[in-house]
Structures are given as C-alpha cells and as structure tokens.
Amino acid sequence: MLARNGLRIPALGNPSRLQTLCRVEDPQSLGRAHTISGDVYPSSLQGKVARPFNELPGNWRASWLNLYRFWKEDGFGNVHNVQIQNFQKFGPIYREKLGNFETVSIIDPEDAATLFKTEGKYPERFTIPSWVAYRDFRNKPCGVLLKNGESWRHDRLTLNKEALSPKVTHNFVPLLNEVGEDFVKMVYKQIERGQQGRWTADLTNELFRFALESVCNVLYGTRLGLLQDFIDPDAQEFIDAITTMFHTTGPMLYIPPGLLRRVNSKTWLDHVKAWDFIFAHADKFIQKAYRDRRLNQKSTEEYVGILGSLLLQDKMPMEDIKANVTEMMAGGVDTTSMTLMWTMYELARAPALQEQLRAEILAAQAAAKGDMETVLKSVPLLKATIKETLRLHPVAVTVQRYTTEEIILQNYFIPAKTLVQVGIYAMGRDPRFFTKPEQFNPERWLDTDSKYFRGLSFGFGPRQCAGRRIAEMEMHLFMIHMLENFKIETKRGVDVGTTFDLLLVPDKPIYLTLRPLHP
Ligand code: HC9
C-alpha cells in the first residue's frame, strides 16, 4: 500500500483539503514515478534510441531493506557522502528507493540543463512530507514553499514583485546594512570585554540572531534588538524552534509522518511543537505590522517592508500573506547564518584572499563615496566568494524536479512525473565539473571556466529560492562590514566536515577569532 503510493503522503485528517491547498494537480501524480512503462514515448522522443527506465543502475528494488541498511550505516547524517559514493559506484545516474522515497539522481550539469529546460510553467520539487502533514493537521494554509499548480503560480508572481524584482530589492540595502553595522558594534563590545584585543568564539548563535534580525527588518521594517545585550526570550525560542523543526524533519523524509503521528512518536510531537511556535511567533509580528500599517496609512512614500507592501497591494488574501511571510521568516535564519559561518571559516584559512577582498571593498567604498547600493555593484570578487562557499557548502544537498514529460538523461528514458534530483553537493566537489574542486577559489566564477548549470545553490528558474536576493544582499553587506573591520582567523589544522540535518551544516563547532584591523 505504502510502496504503491510511492511518495504520496498517506491520508491524514482531511485529504481533500490537502489537495486544494497544497497540490492543485492530480494527487496521484507524485507517486507514479515509476509506473509509466518505458516504451510509450512522447512524439519529441519518437525514434530516439535510449535504454529503458528499468535498466537504470542503483538500489531501487528492495526499498525497505535499503532503508534499514541506510539507517544501520548512519546514512541519515551522511546523505551527501552516500550520494558521492553512489555516483562513484553507479556512474552519473542512478535510481534509488529508500522506504517511500523514490528518486533518480544525476550529477552532470548537462543533465541538470535537460531537466530544468523541460520544467514547464508549474515546476514542482520534492514536497517535504512532514511540513505538509503539519499544515494539514493544524489546518494551516501553505505558502509558495508547499503549493503547486495555479495557486502556487499566483502567490509566487505576487511574491516575486516584493522580494526578487530589482524595482524593490534596492529598498533592502539600508535595512540590511544597519544590521550588518550593528553586528560589527557587537563584536567590538565583545573584544573590549575580553580585554585581549580579540574575540574568539563559536558564532553560531550570534549569526542566527543576525539573520533573524535581518530578515525581520526586511519583512516587517522592525528591529528586534537581537544584537544588543538583552535578548528577547521569545526570539531565542523562535530560533531554537526552527532548529528543532529542521532536525525532526530528517527522519520523516523516509518514514511517513502519518505513521509516526499514529504512534505518537517523539519526532512527530517535537515537530508539531516547533511549527506551532514558529507560526504563533510569526503571527505576532504580522498582527503588529498590520495594526501599525493601518495607523500610518498616510506615510506611503517610505518603504514599509515586504509585509507592508503585500498588505498595501491587496492582491493576496490575508491567510496567504501570513503563510508566505511565515515561510520567509522561518527560511531566512539557518540558511544565511550557516553560509556566513562557512564563508568566514574558508576566509580564515585564506588570509591572502581576505586581503584581496579588503582591497576590492576599499576601492568600491572610495568610488561610491559610501553609497552602499553602488558599493554592491562593484564587488565581484566578494560575490564570487559567496558563490564559492555555496559550491563547497551548499545549504541544500540536492535540487529536485518532477519531470513534466519523458526525457533522456545519460541515455536512459526517464518517464514523466519521475522525481529527479540534481546532486549539487556531489557536483560541486567533482573534478569533471570544477577544476581542483578541493580548492576554495572564488576566481573560478570570474574566469573562463564553464558556469553552465553549475551555480544551482539557490535552485533554478521560477521555483528558485524566493529569498535569494534578501539572502545575497544580507551576506554581501555582512561580509563587507566584517572584512572592513576585522581579521578573521581560526586554529590551524582544524578541518570541519559536514553533517546532514535536513540542511547541510558543520559537523562540529567552528571557532573563529576576530581581531580589529585598526586597534
Ligand atoms: C532536503 O532529500 C533533502 O528556506 C531532501 C530534498 C530536499 C527538498 C527540499 C529542500 C530540502 C532538501 C532542504 C531545505 C530546503 C528545501 C526546500 C526549501 C528549504 C532547501 C534538499 C529551505 C531551507 C527553505 C526552508 C523554508 C521553511 C523553513 C519555511
């Protein structure tokens, strides 16, 4: 029954609601990955010679045994390395079935191109089962993250205008810049306190607060003061809830959440509790901003943040605005903070590159006379540095799409509605696609090496990360201020690896030393 349903989430509560809110298309489609026989080809592929789907290499015949083996070998925290091993064992394409999770994995940028070029008007990625299960359980609407079809497209186009369009994103610059400056002030305070002329610490929590402070300023136009001495316990609990939410999602990727819910498993209960807090806390902000908006209707020239803009536009029902803003608030904490941690880790090991970046930033500042919008236009090496961080340390281990038609990948026919995942972690570390992949070398993004379907860390096309511009600007501005003020150092010889915790994160704390450049 489960195996036949494939990836479909087993009926929870009221399945019809699930379909209307989160999936507009045929509810069976998600599970039909492998049921279409490999010999009915669409006209575009007629006459092409390729091998049938059922000949794909990989472990896909014994799904539950696979899951057991995966679990025994601690594959859960190691998804990214298991993928690299599988590509070594099976070649550039393999098919796999882990419990309910059936996929085809690819690594070659050419194959990624084939996949994305046929993604169509309503691209679909893998829907995280427990995230949908929670919304169904609590009767909460989905935002763009979990929606599909026309309803997704409508929300997404409205959201793009507020979060991705160059017509609005310049408004984020002062909002994100002040948070970056406050982070620097906070670091100086810590250095003074320590009385050693430097500060050594694991900055995870500070970066979480920085990221939440940043995303809230852009969404609501509100400062929380998380970089000050007193930290609002609710904000801290929100940050912790996001970590718990991600952490409890992992196990439920392969074991249906409905099953865990029926046996009252701790994973499911913790997951619900975490989402409850996330939604309740986001709701407070939204309510407050909504009230403030009504009070200040007259001063409309001033940028009021993404939420304010959405409310003014009146193009989305309040419930959908809430769902989407909550998703952006929750999605903007661990993602940018971890990427910044990795960036500082890599730069700490590359002092010469730090100097190069400082020179670039200094020149840009001088030419722009301090106008940050202009500065951001003239720091190509810094932007390449963030790209390079995401190549070696992507937040998401894969980018996935359901095929919309039958396609050929590595000379195999792949039927429509198959879940195909591009292993971007594996791709980023493969010498066939990046010369000397082990080297942290931002310049590779600026020179003549091919970039064709290689920079996929924010996904691709209309379904790519909706927070991309916020994240990029936030990280660029943060790094500008940090590099202008501090030397970033770390203990030599400490190599930090990666763990899969739904996101890819450092496998041990990273200790950094920040030393003022102008003591
Ligand atoms: C996790 O095999 C591994 O900011 C799975 C495939 C998969 C699907 C969707 C990905 C997810 C992975 C990692 C986390 C991602 C998610 C889509 C969006 C989410 C990239 C690779 C971001 C971190 C979002 C989360 C927003 C949410 C908290 C509201």
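All ligand and atom numbering here is 1-based and tracks the order in the structure. From a predicted model like this one, the values you see are computed outputs, not experimental measurements. Residue numbers run from 1 in the order of the sequence given.
- His271 and Trp268 have tilted rings, their planes meeting at an angle from 30° to 60° on a 0 to 90° scale.
- Side-chain contact between Tyr134 and Asp276 is present, with at least one heavy-atom pair separated by less than 4.5 Å.
- With sequence neighbours excluded, no residue forms a salt bridge (charged side-chain N to carboxylate O under 4.0 Å, His left out) with Glu237.
- A perpendicular orientation is assigned to the rings of Tyr425 and His80, their planes being inclined by more than 60° (bins at 30° and 60°).
- With sequence neighbours left out, Phe90 forms a side-chain contact (heavy atoms from CB on, under 4.5 Å) with Pro57, Asn59, Asn86, Tyr94.
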Contacts table for residues 336-344: side-chain donor-acceptor under 3.5 angstrom, sequence neighbours left out:
{"from": "Thr336", "atom 1": "OG1", "to": "Gly332", "atom 2": "O", "distance (Å)": "3.4"}
{"from": "Thr336", "atom 1": "OG1", "to": "Glu474", "atom 2": "OE2", "distance (Å)": "2.8"}
{"from": "Ser337", "atom 1": "OG", "to": "Val333", "atom 2": "O", "distance (Å)": "2.7"}
{"from": "Ser337", "atom 1": "OG", "to": "Asp334", "atom 2": "O", "distance (Å)": "3.2"}
{"from": "Thr339", "atom 1": "OG1", "to": "Thr335", "atom 2": "O", "distance (Å)": "2.8"}
{"from": "Thr343", "atom 1": "OG1", "to": "Thr339", "atom 2": "O", "distance (Å)": "2.7"}
{"from": "Thr343", "atom 1": "OG1", "to": "Thr389", "atom 2": "OG1", "distance (Å)": "3.1"}

N/O to N/O under 3.5 Å, ligand 1 against protein:
{"from": "ligand 1", "atom 1": "4 (O)", "to": "Gly331", "atom 2": "O", "distance (Å)": "3.4"}

